[in-house]
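Fair warning: this is a prediction, and the values are worked out from it, not measured in the lab. Along the sequence shown, residues are numbered consecutively beginning with 1.
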Amino acid sequence: CDITDVDQIIKLREFVKQTTGGYLHILYNNAGISIAGPATEFENDQMMTLFKVNVFGHMYMTKYMSEFIIAGKGAIIFTSSVAARAPLSWVSLYCATKSAIDQYAWCLRTEMQPFGVRVYSVITGGVDTGICDANITAPKAGSPFDVDGVYDSMRASAQMSRITNVSPQKYAQGVVSVVESKSSVFNIYKGAKSFTTHFGSRYLPLWLFEFLVSRHFLALKVWRNIKKRVMAQDKKSA
């Protein structure tokens, strides 16, 4: 089922209704894609596709399956991310989609509570998957971000999920254990540095948190080189 295609979701709804008699105990909204680059340089179609998969697709699935979940007094789970908590370098759109789905899930949680339905948003840290493998790229020629160090920084960003020792199986088992316990928590923190990143975003000074994130993704050199270029251009035009 392509979750960006409402017609397919409606067909799936009918399949579920016929197969289960109109009951679901778990709806796990997990599909996701990622693209990388400076926030102002994404292609329009890339932006639309990312939000269709990471946000609207999950909203469609929840809309059309909610009746069955309510009947089963089940749980709805969304895969959010530390990207909803931190300004991860070069994946601003991905961060925006994960923030959006986390907030949607939070509002949904309050609305579903009277029906006995639990809603979880998983703040996912590093997990060894290929979601960012295609993100090893570089800014367009002539981009104001095309300075020394930018490729290394974007490569570090693309490898953020690979440089962990958290397998998808370990991550999934951790999430399932919380859901099966019927815990009343909303956010589930699983994956490398998940809660640490969340904690830092809430309690560290903004400048310090931004500095630590930029250092982790080798972006400090990029910011310095951009500032040098801007200062040189300002002197030339003065």
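- Grouping the Ile, Leu, Val, Met, Phe, Trp and Tyr side chains by contacts below 4.5 angstrom, directly or via other members, places Val127 apart from Val53.
- Transitive grouping of hydrophobic side chains (ILVMFWY, heavy atoms separated by less than 4.5 Å) brings Trp90 and Met160 into a common cluster.
- For the pair Glu210 and Pro87, the tightest heavy-atom approach, listed with the atom from each and the gap, is CG-CG, 4.4 Å.
- Summarising the geometry of Ile9 relative to Asp2, their closest heavy-atom pair is CG1-O, 4.3 Å, with the distance given to 0.1 Å.
- Atoms CZ and CZ, from Phe195 and Arg85 in turn, are 10.0 Å apart once rounded to the nearest 0.5 Å.
- When atom types are taken as modelled, the side chain of Ser81 and the backbone of Ala84 share no donor-acceptor pair closer than 3.5 angstrom.
- Judged by distance alone, with hydrogens and angles left aside, the side-chain atoms of His216 form no donor-acceptor pair with the main-chain N or O of Leu88 at under 3.5 Å.
- With sequence neighbours left out, Val185 forms a side-chain contact (heavy atoms from CB on, under 4.5 Å) with Tyr120, Val178, Ser183, Ile188.
- For the side chain to side chain donor-acceptor pair (under 3.5 Å) with Trp223, the lone residue among Ser89, Ser214, Ser153 that qualifies is Ser214.
- Hydrophobic clustering, with ILVMFWY side chains joined whenever heavy atoms are under 4.5 angstrom apart, keeps Val175 apart from Val82.
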**Request:** Could you give me the CA-CA distance, side-chain angles and deciding distance for Ile76 and Arg118, then say whether side chain to side chain contact (heavy atoms under 4.5 Å, CB included) is met?
**Result:** CA-CA 6 Å; Ile76 306 173; Arg118 291 164 289 121; over 6 Å; no
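- Taking the side chain as every heavy atom from C-beta outward, Phe68 and Val16 approach each other to under 4.5 Å.
- Hydrophobic clustering (side-chain heavy atoms under 4.5 Å, transitive across Ile, Leu, Val, Met, Phe, Trp, Tyr) keeps Val147 apart from Leu218.
- Counting only distance, with no hydrogens or angles, the side chain of Asp128 and the backbone of Thr164 share no donor-acceptor pair below 3.5 Å.
- Of the listed residues (Asn54, Asn135, Thr97), just one forms a side chain to side chain donor-acceptor pair (under 3.5 Å) with Ser34, and that residue is Asn135.
- No donor-acceptor distance shorter than 3.5 angstrom exists from the side chain of Arg155 to the backbone of Ile136, with no hydrogens or angles considered.
- Using a 4.5 Å heavy-atom threshold, the side chains of Lys73 and Phe115 count as separate.
- For the side-chain contact (heavy atoms from CB on, under 4.5 Å) test with Phe78, the passing option among Asp102, Asn29, Leu27 is Asn29; the others fail.
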**Trp106 vs Ser121, side chain to side chain contact (heavy atoms under 4.5 Å, CB included): CA-CA, chis, key distance, verdict** = CA-CA 8 Å; Trp106 193 2; Ser121 177; over 6 Å; no
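- Met65 contributes atom CE, which lies 14.5 Å from atom CD1 of Ile26 (distance to the nearest 0.5 angstrom).
- A single hydrophobic cluster is not seen to contain both Tyr151 and Val222; linkage of ILVMFWY side chains at heavy-atom distances under 4.5 Å, directly or through other members, places them apart.
- Residues Phe199 and Leu204 have side chains not in contact (no heavy-atom distance under 4.5 Å, counting atoms from C-beta outward).
- Of the inter-residue distances, the one linking Thr62 atom OG1 with Ile69 atom CD1 reads 9.0 Å to the nearest 0.5 angstrom.
- For the pair Ala31 and Ile3, the tightest heavy-atom approach, listed with the atom from each and the gap, is CB-CD1, 3.8 Å.
- Smallest separation of non-hydrogen atoms from Thr124 and Thr79: OG1-CG2, 3.6 Å.
- The number of heavy atoms from other shown groups lying within 6.0 Å of OH (Tyr23) does not exceed 12.
- No donor-acceptor distance shorter than 3.5 angstrom exists from the side chain of Ser143 to the backbone of Pro139, with no hydrogens or angles considered.
- Between Asn225 and Arg229 there is no side-chain heavy-atom pair separated by less than 4.5 Å.
- When the shell of 6.0 Å around CG of Asn44 is examined, it contains 12 or fewer heavy atoms from other residues, nucleotides or ligands.
- Contact check for Met59 versus Val55: side-chain heavy atoms found under the 4.5 Å cut-off.
- Judged as a side-chain contact (heavy atoms from CB on, under 4.5 Å), and not counting sequence neighbours, the contacts of Pro144 are Glu41.
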**Message:** side chain to side chain contact (heavy atoms under 4.5 Å, CB included) for Ile35 and Phe42? Distances and angles first, verdict last.
**Reply:** CA-CA 9 Å; Ile35 56 176; Phe42 291 110; 3.6 Å; yes
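- Here the straight-line distance linking atom NZ of Lys52 with atom CG of Leu50 works out to 12.0 Å at 0.5 Å rounding.
- Between Arg13 and Glu67 a salt bridge is recorded (basic side-chain N to carboxylate O distance below 4.0 Å).
- Considering only heavy atoms from C-beta on, Ile33 stays 4.5 Å or farther from Ile131 through its side chain.
- Looking at Trp207 and Leu212, their side chains never come closer than 4.5 Å, going by heavy atoms from C-beta outward.
- The distance from the CE atom of Met112 to the SG atom of Cys107 is 12.0 Å, given to the nearest 0.5 Å.
- At distances below 3.5 Å, at least one donor-acceptor pair connects side-chain atoms of Ser161 with backbone N or O atoms of Thr129.
- Residues Gly125 and Ser194 approach most closely at N-CB, 3.7 Å, considering heavy atoms.
- Met231 CE to Lys235 NZ: the interatomic distance, rounded to the nearest 0.5 Å, is 5.5 Å.
- Among residues two or more places apart in sequence or in another chain, the side-chain contact (heavy atoms from CB on, under 4.5 Å) test is passed with Asp133 by Arg162.
- Between His198 and Tyr189, the ring planes are tilted. Angles from 30° to 60° get that label.
- Heavy atoms only, all atoms of each residue included: Thr4 and Tyr60 are closest at O-CE1, 4.5 Å.
- At distances below 3.5 Å, not a single donor-acceptor pair connects side-chain atoms of Thr49 with backbone N or O atoms of Gln46.
- For the pair Asn187 (side chain) and Ile123 (backbone), a donor-acceptor distance under 3.5 Å is absent.
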